Amino acid sequence: MSVARRTLLGAGLAAATSALTGCGDNGAADPAVGGGPGGAVTATDAAGNRVGFGSAGQSPAASGAPSPRGVAPSAGQAPYAGDVTALLRRHLPGTPQTVQHRGFPGAVAVVLVGGRTTVHTAVGEALRYGAGPTLLPANQRVAMRPDSIFDLASVTKVYTAILLLQQVDRGRVELGAPVRDYLPGFTGAGKDRITVEMLLTHTSGLPVGAKVTGLPDNAARWNAVLATPLVSGAVPGDTFRYSSVGLMVAGRIVEKVTGQRLDQALKTNLTGPLGLRDTGFNPTTWLSSGARAARLVATDARSSRGLLRGTVHDDVANHLGGVAGHAGIFATATDLAAVGQLLLDGGAYQGRRILAAATVRRMLTNLNAGKPAVDPERPRRTSAHGLGVVLNQPWFMGGLASARTFGHTGFAGPSLLVDPGRTLVLALLTNRAHPNWSWANPDPVRAAAGDLLAAKVR
């Protein structure tokens, strides 16, 4: 993994706050083994919080090591729900006393087929380690729940793309217009050629990360983002280069044309209309203390920032106050699956129109056909990309990959995958970065889940 993707790697990250970020997805280890079936469904309590129930109608424990490693199967799920749970359990730590996992401490998966939930399963632990990191005693751990809330990392980019495309629908933004038309502070050699569309297709020539440390305030940090220079030798529009900076800039365009900060624009234009009450930036500001303790999933526990739980893992997003277009949204698997269903259904969800159908068709079209991809960390990645979504990438989609399959991944362990041919949505959320992202590569289990579902859903 390069400095451009995650800065100050290895031991250095434990003692420093990085200046660059990419919110990519690479890791370094193979999965471990385990096994056993399980699944879960959710309901909503009087306070509007989603609550998971097992087959006996009992809510999973909010703390303490769970005695089962997965929630018991529930009525109404597909026969392959147990297979999905067994697959996830194989990537958990070998025993409750195992110190180093080779996959993730816990995970939640939701599968929708034809708009119906066929799998909703939770395995493992949302909190297993303390700062250091240290393995916590059993009575201090927190079990994973079907309604656990995860850091979505770079999956945030899908939400930012939706918010920006809404402004295209409303005539406030043109995809072919120069970014500088909306953000005069977007300065630097060659950047006058960058269009709004290039930000979403990752063909702008902007680098993965931006340097925002050592600056006096958030205004200065955002000015630095907008002034980030092109990659040396890059020509806007010619080549796919994954760029978090591009989506940071896209988020700023949303803020400029709506007059709202991105977190408020998200609530006004997407999560509010869709009723996604478990999605947002900076979740510690909108969750009750009880929900924070029971439902927030931990990420890093080894950096100078200490244990991260409800605080964005991405360093640049953290420096920007937790609200940025490339990272920072937290959500449940249920809420993330709803966003996948929204796009699968052409921009409408449960009777609410969010995007024009024609806009969604363009969003899900490969706009980079014939262009090279430059990504040394993922040599198998192709340039296939729509507007804010990745297309046809077997390295994480497995057997579900096709010219029409779309989605996104995130560094902390989340992924969204949508296969229109099967009318299938998979929201797979893991906490592989807890306590140390270098322990595990999240892609093998993502691809394995794709393989499993490709075989089970025809």
Side-chain angles (χ1 to χ4, degrees), residues 5 22-27 31 84-85 87-88 91 103-112 119-124 144 148-162 242 244 247 279 297 299 313-314 326-344 364 375 377-378 380-381 384-386 388-402 405-420 422 424-434 437 440-454:
R5 183 60 60 89
C23 206
D25 313 277
N26 289 353
V84 173
T85 304
L87 169 65
L88 297 179
H91 292 75
F104 39 74
V108 178
V110 168
V111 178
L112 309 178
V119 179
H120 192 175
T121 187
V123 301
M144 194 68 77
S148 289
I149 296 173
F150 289 73
D151 183 340
L152 293 190
S154 277
V155 179
T156 297
K157 294 175 171 68
V158 177
Y159 294 76
T160 300
I162 292 171
Y242 186 81
S244 284
L247 272 294
T279 301
V297 177
T299 56
H313 185 264
D314 181 272
H326 70 297
I329 291 178
F330 288 69
T332 60
T334 300
D335 276 11
L336 177 58
V339 172
Q341 191 69 43
L342 164 73
L343 297 177
L344 178 61
L364 305 182
D375 192 344
E377 297 163 18
R378 275 209 169 92
R380 292 183 296 158
R381 183 199 286 271
H385 212 283
V389 293
V390 179
L391 300 170
N392 194 19
Q393 302 290 336
W395 53 267
F396 88 89
M397 297 175 176
L400 293 177
S402 74
T405 305
F406 63 91
H408 214 290
T409 60
F411 185 86
S415 59
L416 172 67
L417 188 159
V418 182
D419 179 357
R422 291 177 171 83
L424 182 151
V425 177
L426 168 62
L428 175 57
L429 303 183
T430 76
N431 55 352
R432 74 95 178 192
H434 179 56
W437 55 259
N441 177 359
D443 292 339
V445 69
R446 291 166 172 161
D451 290 343
L452 189 160
L453 292 171

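All residue numbers refer to positions in the sequence shown, counting from 1. Keep in mind that what you see is a predicted model, and the values were worked out from it rather than measured.
- Using a 4.5 Å heavy-atom threshold, the side chains of Leu342 and Ile162 count as touching.
- Annotation: the span from Thr332 atom OG1 to Leu429 atom CG amounts to 8.0 Å, rounded to 0.5 Å.
- His408 has its side chain out of reach of Val389: every pair of non-hydrogen atoms, C-beta onward, lies at least 4.5 Å apart.
- Remark: the backbone N or O of Asn441 is not paired with any side-chain donor or acceptor of Arg432 at under 3.5 angstrom.
- By the 4.5 Å heavy-atom criterion applied to side chains, Thr409 and Trp395 are counted as neighbours.
- Applying the side chain to side chain contact (heavy atoms under 4.5 Å, CB included) rule to Leu344 yields the partners Gln341, Val418, Pro420, Thr423, Val425; only residues at least two apart in sequence or on another chain are considered.
- Thr121 places no side-chain N or O within donor-acceptor distance of the main-chain N or O of Ala109, the cut-off being under 3.5 Å.
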Item to complete: For the pair Leu417 and Leu453, evaluate side-chain contact (heavy atoms from CB on, under 4.5 Å) and give the outcome as yes or no after the intermediate values.
Response: CA-CA 11 Å; Leu417 188 159; Leu453 292 171; over 6 Å; no
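- When side chains are defined from C-beta on, Leu88 does not count as touching Val108, because their heavy atoms never get closer than 4.5 Å.
- If you take OG1 on Thr299 and CZ on Phe150, they are separated by 11.0 Å, rounding to the nearest 0.5 Å.
- Contact detail for Ala427 and Ala337: the closest heavy-atom pair is CB-N, 3.9 Å.
- Residues Ile329 and Val155 have side chains not in contact (no heavy-atom distance under 4.5 Å, counting atoms from C-beta outward).
- In this structure, the side chains of Phe411 and Asp314 stay at 4.5 Å or more apart for every pair of heavy atoms.
- Between the Thr405 side chain and the Leu400 main chain, a donor and an acceptor come within less than 3.5 Å of each other.
- Contact record, Ala447 with Pro394: CB-O, 4.1 Å, taken as the closest heavy-atom pair.
- Remark: side-chain polar atoms of Arg381 are not paired, donor with acceptor, to backbone N or O of Gln393 under 3.5 angstrom.
- Of all heavy-atom pairs spanning Ala331 and Leu152, the tightest one is CB-CD1, 3.7 Å.
- In this structure, His385 and Leu391 have side chains that are not in contact, with every pair of non-hydrogen atoms separated by 4.5 Å or more.
- To the nearest 0.5 Å, atom CG of residue Leu343 and atom CG of residue Leu416 are 7.5 Å apart.
- Of the possible polar contacts, none joining the Lys157 side chain to the Gly388 backbone as a donor-acceptor pair under 3.5 Å is found.
- For Tyr242 and Ser154, the side-chain atoms include at least one donor-acceptor pair closer than 3.5 Å.
- Atom-to-atom distance recorded for Thr279:OG1 and Phe330:CZ is 11.5 Å, nearest 0.5 angstrom.
- Taking a cutoff of 4.0 Å between a charged side-chain nitrogen and a carboxylate oxygen, Asp375 and Arg378 do not qualify as a salt bridge.
- Formation of a donor-acceptor pair under 3.5 Å by the Asn431 side chain with backbone atoms of Gly106 is found in this model.
- A distance-only check finds a donor-acceptor pair linking the side chain of Arg446 to the backbone of Pro414 [under 3.5 Å].
- Counting heavy atoms from C-beta on, the side chains of Asp151 and Val297 never come closer than 4.5 Å.
- Between the CG atom of Asn392 and the CE atom of Met397 there is a distance of 7.0 Å, given to the nearest 0.5 Å.
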